[in-house]
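Quick caveat, the model's predicted, so the values are computed rather than measured. Within every chain, numbering begins at 1; the chains are lettered A, B, ... in the order of the sequence lines, protein sequences first and strands thereafter.
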There are 2 protein chains.
Amino acid sequence: MVQKEARARGRPRSFDADEVLDKARSVFWNLGYAAASLDDIALATGLKRPSLYAAFGDKHALYMAALTRTRTRAVAAMAAMVGREGALRAVLVDLFEAVIGAYVEGEIGQRGCFIIGTAVTQAVEDPQARALATAFVADEDALFRERFAHSASELAPGLTADAAAMVATAALHTLAIRARLGEPREALAQVAAAAIGAICGPA
Amino acid sequence: MVQKEARARGRPRSFDADEVLDKARSVFWNLGYAAASLDDIALATGLKRPSLYAAFGDKHALYMAALTRTRTRAVAAMAAMVGREGALRAVLVDLFEAVIGAYVEGEIGQRGCFIIGTAVTQAVEDPQARALATAFVADEDALFRERFAHSASELAPGLTADAAAMVATAALHTLAIRARLGEPREALAQVAAAAIGAICGPA
DNA sequence: TTCTTTTTGTACCATATCGCAAAGAAATCC
DNA sequence: GGATTTCTTTGCGATATGGTACAAAAAGAA
């Protein structure tokens, strides 16, 4: 006997929430929260405003959903990379390369990091965006610190795991900023190499 | 014979343009460009909108004027500090301390750096803001590079002046971000110390 | 087939936003 | 003192913005 999967009563959604969140995020990523209008988002997602409200709440809730999902995914990806076996230098090279790849993507131009590029600006008057960005920075610090503690012998002489983590996070932040300002990929690669040199010492 | 200073015909301005620009900047600094309304700025400056238009043009021109003045002053201050004689480590300690001091100020909360905190978000769709922020980052890089070239023997072993400059600029950027997110002064001081450790090597 | 539930779209609401016209105010010039 | 110039204010225009009410559409249940 074939049991059809039961679905709740009522008209079915005409969209996939994850897909819509991705498109909305793209608008926020390009324009920042305040400059992104619901009309912009409606246009990008192909949904009308009441549908967006029904699915996500209001504009702010939609933004927070996009930030939250981004943080979760970015941290998971970063954890996977710093968790790799192998020489620290090689791990960092791969990590920064992947990060740069993500930061130079964009339909209308380079956008850097969604969280650093938009939530930091909101932070002064938006406690939720601030909390999320703060947690994200703490995540970055913690992931680096753990890996560096594990690879302490591969750090530059005199550099503690703690200090090295801060230098590495600083590198991610400057890459986010520079990418959003349009610096070319090769220039970003040089910034990454400089950070790696400072963290791991001379090759 | 006493010669009174001749002034142009017409009603005199009731405000000082520099003072007004400072107040307008403060609003933009807290809220970012897009979220700062002309009403907010009018309230902060005590002027009505037509007066702001008469003095500065439009909202965007006012913002650009604030960015431009900020860059000029920040770069001059930074040049004065990195130009100081003395041990590189001590120079960097003083510089980062001064920078942190500026970044933790704010009437409604910490705001970090006006340019990094607001113009970077605008950069994707505002070519003028992008150009100014880009020039500012290049200024930071160049000032550090010059000083480090001059003090090459005081850098960590194997670290070039170029690379060290990028690490130092990265530190300014992460401080700007962290300060805007509300990290306490002591935490920012530790980030600065980490960067100095990476740039100058073990003490 | 009708009722109930959920979603979508149209039309709108209440307010906010940037910018401007015109009149009055404050100065210089003749 | 009147004309001219420049600045400030009031009041407004045109539009944008975030959010909502309600009717129609699309589904399940009886």
Side-chain angles (χ1 to χ4, degrees), chain A residues 2-21 23-25 27-28 30-67 118 121-122 125-126 128-129, chain B residues 2-21 23-25 27-28 30-67 118 121-122 125-126 128-129:
Chain A
V2 180
Q3 183 94 356
K4 292 227 355 200
E5 189 149 312
R7 63 165 298 284
R9 291 168 63 172
R11 183 176 171 170
R13 280 239 169 103
S14 67
F15 61 88
D16 176 66
D18 258 358
E19 253 182 53
V20 163
L21 191 57
K23 288 173 181 168
R25 181 180 71 153
V27 176
F28 285 128
N30 289 333
L31 305 178
Y33 175 75
S37 71
L38 264 298
D39 278 352
D40 296 329
I41 292 163
L43 195 64
T45 56
L47 295 187
K48 298 297 160 85
R49 279 181 279 127
S51 299
L52 290 167
Y53 287 119
F56 298 102
D58 60 11
K59 182 184 176 184
H60 191 256
L62 179 61
Y63 180 62
M64 291 308 305
L67 286 180
T118 69
T121 301
Q122 287 298 108
E125 287 235 313
D126 180 343
Q128 282 182 282
Chain B
V2 180
Q3 183 96 350
K4 294 234 343 207
E5 189 149 313
R7 63 166 297 284
R9 290 169 65 171
R11 184 174 171 169
R13 279 240 170 102
S14 66
F15 61 87
D16 176 65
D18 257 357
E19 254 182 53
V20 163
L21 191 57
K23 288 172 182 169
R25 182 181 70 154
V27 176
F28 285 129
N30 290 334
L31 306 179
Y33 174 75
S37 70
L38 265 299
D39 277 352
D40 296 328
I41 292 164
L43 195 65
T45 57
L47 295 187
K48 300 298 161 83
R49 280 181 275 127
S51 298
L52 290 166
Y53 289 124
F56 297 102
D58 60 8
K59 183 184 175 183
H60 190 255
L62 180 59
Y63 180 61
M64 289 308 305
L67 286 180
T118 67
T121 300
Q122 288 296 110
E125 286 236 313
D126 180 343
Q128 282 183 283

To the nearest Å, how far apart are A:Y33 OH and D:dT17 C1'? 11 Å
Among A:D40, A:I41, A:T118, the one residue meeting side-chain contact (heavy atoms from CB on, under 4.5 Å) with A:F28: A:I41
Side chain proximity check, B:D16 to B:L21, heavy atoms < 4.5 angstrom: no
Closest nucleotide of DNA chain C for B:D40 versus for A:F15: which of these residues is on the 5' side? A:F15
Rounding to a whole Å, what distance do you find between A:D39:CG and C:dT17:C1'? 15 Å
Would you mind reading off the distance between B:L52 atom CG and C:dG19 atom C1', rounded to a whole angstrom? 12 Å
Gap between atoms NZ and C1', on B:K48 and D:dC7 respectively (whole Å): 14 Å
Check this one for me: any side-chain N or O of B:S51 less than 4.0 Å away from OP1 or OP2 of D:dT8? yes
Between D:dA16 atom C1' and A:I41 atom CD1, what is the distance in whole Å? 14 Å
Between D:dC7 atom P and B:L47 atom CG, what is the distance in whole Å? 12 Å
When all nucleic acid strands are considered with a 4.0 Å heavy-atom cut-off, which category describes A:A34: base, sugar-phosphate, or nothing? nothing
Roughly how far apart are A:E125 CD and B:L31 CG, rounded to 0.5 Å? 5.0 Å
Any side-chain heavy atom of B:Y33 within less than 4.5 Å of one from B:T121? no
In terms of the nearest nucleotide of DNA chain D, which residue is placed more toward the 5' end: B:G10 or B:A54? B:G10
Within less than 4.0 Å of OP1 or OP2 of C:dT8, is there a side-chain N or O belonging to A:S14? yes
Spacing between A:R11 atom CZ and D:dA26 atom C1', to the nearest angstrom: 5 Å
Nearest to side-chain heavy atoms of B:S37, which nucleotide of C:dC18, D:dA27, D:dT9: C:dC18
Any side-chain heavy atom of B:Q128 within less than 4.5 Å of one from B:L67? no
Tabulate atom names and distances for all N/O pairs under 3.5 angstrom spanning the protein and nucleotides 19-21 of chain D.
residue: D:dG19; atom: OP2; partner: A:Y53; partner atom: OH; Å: 3.4
residue: D:dG19; atom: OP2; partner: A:K59; partner atom: N; Å: 3.1
residue: D:dG19; atom: N7; partner: A:R49; partner atom: NH1; Å: 2.7
residue: D:dG19; atom: O6; partner: A:R49; partner atom: NH1; Å: 2.6
residue: D:dG19; atom: O6; partner: A:R49; partner atom: NH2; Å: 3.4

Any idea which heavy atoms bring A:A36 and A:V27 closest together, and the distance? CB-CG1, 3.8 Å
Spacing of B:T45 atom OG1 and B:F15 atom CZ [to the nearest 0.5 Å]: 8.5 Å
Does the D:dT4 base have a donor-acceptor partner in the side chain of B:R9 within less than 3.5 Å? yes
